[in-house]
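First the structure, in the form of structure tokens, and then the observations on it.
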2 protein chains.
Amino acid sequence: MEKNLLYKRRIVKHLYFGNMLSCADLSDKIHKSIPLTTKMLGKLMEEGMVTETGYAASTGGRRPVMYSLKQDIMYVVSVAMDQLVTQIAILDMQNRNVTDIELFELPLTKNPNAPAALAEKINEIITRSGIPKNKIAGVGIGMPGFVNSVKGINYTFLETDGYTISQYIAGKVKLPVFIDNDSRLIALAELKFGAARNKKNALVINVGWGVGLGMILEGELFRGHDGFAGEFSHIPLFLNNKLCSCGKSGCLETETSLLIVIEKASNGLKNGKLSMLKEKELSADHPEKAFQNIVTAASKGDKFAVEILSEAGYNIGRGVAILIHLLNPEAVILSGRGSSAGKIWQAPIQQALNEHCIPRLSVNTEIAVSVLGYNAELTGAAALVMENYEREEARPLIYENKPDVFI
Amino acid sequence: MEKNLLYKRRIVKHLYFGNMLSCADLSDKIHKSIPLTTKMLGKLMEEGMVTETGYAASTGGRRPVMYSLKQDIMYVVSVAMDQLVTQIAILDMQNRNVTDIELFELPLTKNPNAPAALAEKINEIITRSGIPKNKIAGVGIGMPGFVNSVKGINYTFLETDGYTISQYIAGKVKLPVFIDNDSRLIALAELKFGAARNKKNALVINVGWGVGLGMILEGELFRGHDGFAGEFSHIPLFLNNKLCSCGKSGCLETETSLLIVIEKASNGLKNGKLSMLKEKELSADHPEKAFQNIVTAASKGDKFAVEILSEAGYNIGRGVAILIHLLNPEAVILSGRGSSAGKIWQAPIQQALNEHCIPRLSVNTEIAVSVLGYNAELTGAAALVMENYEREEARPLIYENKPDVFI
DNA sequence: ATACTTTTCTAAAAAAATTAAAAACATATT
DNA sequence: AATATGTTTTTAATTTTTTTAGAAAAGTAT
């Protein structure tokens with residue numbers, strides 16, 4: 001790639017993540033000198049990508065001119081999948097939805113048609129939005145399973161014979177496609193826009209059906225050798241003989257997943273536990289709703305609901321204690337769909353840390369609840385696209401003349 | 001620092017780690033162009049630091065000239081401490097001992113005189129070697145405890161009022177001093193010269209009195225936010241109610257440390273277990289020897305000894321299973337003093353992984369035994385000094401005129 | 001043996017980083 | 001209140017570094 005283009009793309013990328021930055025800030029971030037950065041900013045302004053947005057307050061000397069991306073220069077398609085439901089949105093350079101968030105059912109298990117359905121839906125939404133493809137930086141997809149983001153492969157779901165899922169969707173949509181594990185994208189969102197912003201070492205717990213983990217180590221999203229790092233759900237922590245979905249027993253997930261929480265609540269009610277919760281509110285058919293009902297009851301002070309949630313929180317805390325011993329993070333952030341229960345969980349997790357952590361380690365670790373919450377995964381998917389924006393593959397144009405599916 | 005000096009130091013550093021490298025290799029490693037690297041190599045040769053060591057075999061084109069460090073241009077003082085015994089050696093640029101390894105007792109617990117004794121001994125050994133201080137790149141020290149390598153602080157041992165232990169020793173010895181946790185230095189040794197060489201993600205288990213861990217993540221030694229990462233010994237894994245030295249119960253260490261292994265062997269014999277081991281061979285006064293005796297017996301096929309070791313190995317394996325789930329490394333290396341039992345432990349660890357790991361994760365992880373073995377910590381201490389060689393503090397000269405202890 | 005490829009090495013041209021100086025602002029002093 | 005001093009950003013001139021192109025020294029295939 002031409003070098004000037006690379007530098008310009010880096011600047012665009014950092015303006016996306018930083019929103020408003022001075023020339024000095026940018027020079028720092030792209031590791032280039034100020035004169036060169038000035039030159040590139042000039043070109044970007046000529047091209048209409050970037051605008052001056054006035055002066056920032058002085059910090060003791062001359063006030064710096066601030067630069068921002070223009071509103072409508074580029075968009076990202078964000079996709080957040082779980083095993084049953086998929087969400088799609090188109091975000092602008094301020095992470096604002098320019099379309100409504102599209103929500104539709106797309107079961108991933110035993111569904112050979114899933115990749116085709118996904119590609120079709122993405123195309124449909126792009127077409128409907130009326131945004132030309134050359135204004136779309138790419139498609140970012142968060143999905144469950146064993147995902148190798150670099151290779152673009154999902155080893156668990158979305159099988160596409162002969163191609164990786166990234167290649168398949170890219171071929172159909174004719175845009176660059178980037179994928180990663182859902183929990184890792186949530187961590188990326190927290191790193192770039194959330195509670196882990198500017199932190200060098202932070203762990204993001206994704207409380208959902210399972211308990212996911214995304215790790216920020218030395219300022220970077222950590223993926224491990226094959227891209228499988230963060231399998232927190234399945235660390236062998238209990239001797240409870242409960243069989244886990246992974247085939248082993250005693251996994252953390254067997255005591256902490258939302259489904260277990262609902263099951264425990266349901267069983268408790270059957271055994272005559274006193275609670276404002278009603279059995280029909282805990283239907284296994286609508287786990288999302290069932291969980292929300294438990295959280296609502298707990299936040300209203302329902303003792304049984306608090307008890308059930310605390311138990312799960314305490315067990316997550318035992319797992320977090322292990323993480324802290326191993327990785328010595330500065331913060332642990334509770335995020336993902338279950339983070340609505342975050343406030344309730346903070347106490348029992350802290351309790352577990354007090355019991356199971358060497359004090360020197362736990363006192364230096366802040367336990368925080370995400371503010372991104374439900375939207376974290378979509379934000380993370382957009383961030384993934386922009387992370388890769390400076391890479392060769394990120395150029396929409398090269399896809400225009402490619403066949404439907406290419407290698 | 002002058003820029004040329006920086007580049008030259010980088011080249012020296014990489015020649016230390018790489019032993020023999022071509023100009024193109026070096027250009028790659030120091031991230032500078034070939035013409036500039038050529039120029040710097042020329043200067044280093046003029047100064048007598050570097051020599052050409054003939055041509056390497058061709059890989060399809062013109063043969064590259066290889067460069068090496070001259071033998072006697074520089075040395076490193078390596079110190080490897082445990083809670084009772086300290087080893088000191090002076091190594092040359094090929095990691096060869098130029099003095100015998102000095103071994104002396106230096107208890108760290110309740111010994112306010114330890115820092116002074118250490119400094120004195122280091123000075124004594126340097127003086128005896130006859131090597132001038134300006135030929136010594138620095139002192140590297142591996143020590144147990146909570147060590148922040150960047151700040152040069154040991155929070156557990158070697159208290160020196162008002163100064164960090166690094167500052168204290170540096171002031172007394174008048175050489176730059178670098179410290180780190182013993183397990184992390186072993187990992188560094190394995191990364192630079194051992195079984196983890198050229199690996200990007202590897203975990204190094206230091207089997208000693210406790211079970212230490214050094215992590216290589218994305219090609220770098222990982223230290224965590226406060227420098228306390230790798231507290232593998234104290235992850236809460238058992239519900240055994242055994243009190244650990246750290247004050248908690250159920251730590252991994254309570255089932256796997258060498259002392260526990262010896263105790264179990266001793267108790268077994270008392271209860272009439274059949275073995276070639278004799279009780280007097282397991283004296284708690286000489287744990288090092290006692291452990292070696294168990295290993296010897298096991299390698300001769302003694303069933304009881306194998307059983308005892310396997311049990312510990314299996315429990316370590318349970319911990320390793322957690323590590324693999326979280327960090328997805330490409331290799332796990334058994335190193336440190338207990339690595340003489342490495343071969344015996346490989347089987348039970350693998351067994352634990354088969355039981356407790358998701359297959360996709362464990363099949364991609366190689367379990368290897370160190371070849372550096374007993375010397376790993378000393379090698380790591382030297383590597384630590386040379387890692388920092390390009391940094392400003394690494395210049396011996398600035399220490400010459402400083403007072404005994406400085407800030 | 002000769003043509004072609006590959007890699008290293010060297011010299012001239014282009015690019016980028018430093019350095020120095022100027023401009024714009026904040027704070028302290030007279 | 002006016003002036004001096006210290007910061008920080010911006011611009012211009014100089015130096016450093018990289019890129020590019022080509023020569024030299026090998027290996028490989030015809």
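Quick caveat, the model's predicted, so the values are computed rather than measured. Below, chain A is the first sequence line, B the second, and so on; all start at residue 1.
Contacts between residues 30-49 of chain B and DNA chain D, defined by a heavy-atom separation under 4.0 Å, are made by B:His31, B:Lys32, B:Ser33, B:Pro35, B:Leu36. In the region residues 11-29 of chain A, proximity to DNA chain D at under 4.0 angstrom, judged on heavy atoms, holds for A:Cys23.
A nucleotide of DNA chain C counts as in contact with chain B when one of its atoms lies under 4.0 Å from a heavy atom; the first and last such, 5' to 3', are C:dT6 to C:dT18.
The phosphate of D:dA25 (OP1 or OP2) has no side-chain N or O of B:Arg63 nearer than 4.0 angstrom.
Looking at residues two or more places apart in sequence or on another chain, you find a side-chain contact (heavy atoms from CB on, under 4.5 Å) between A:Arg63 and A:Tyr55, A:Ser58. For the side chain to side chain donor-acceptor pair (under 3.5 Å) test, residues two or more places apart in sequence or in another chain that qualify with A:Glu218 are A:Lys200. Under the side chain to side chain donor-acceptor pair (under 3.5 Å) criterion, B:Asn201 pairs with no residue, sequence neighbours left out.
Comparing D:dT17, D:dT18, D:dA25 against the side chain of A:Lys3 picks out D:dT18 as the nearest.
Of all heavy-atom pairs between A:Ala229 and B:Asn328, the closest is N-CB, 3.6 Å. Here the closest heavy-atom approach between residue A:Pro176 and residue A:Phe178 is recorded as CB-CE1, 4.0 Å. What you find for A:Pro329 and A:Leu203 is that their closest heavy atoms are CG-CD1, 3.7 Å.
Of the two residues near DNA chain C, B:Met66 and A:Tyr55, the one whose nearest nucleotide lies more 5' is B:Met66.
By the 6.0 Å contact criterion, CD on A:Glu220 is open, its count of non-hydrogen atoms from other residues, nucleotides or ligands being 12 or less.
Residues A:Thr365 and A:Glu330 have side chains that never bring a donor and an acceptor to within less than 3.5 angstrom of each other.
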Q: Check the pair B:Tyr67, B:Cys23 against side-chain contact (heavy atoms from CB on, under 4.5 Å), reporting the backbone distance first and the verdict last.
A: CA-CA 8 Å; B:Tyr67 299 89; B:Cys23 180; 4.2 Å; yes

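The cationic atom of B:Lys135 (NZ for Lys, CZ for Arg) does not lie both less than 6.0 Å from the six-membered ring centre of B:Tyr75 and within 45° of the ring axis.
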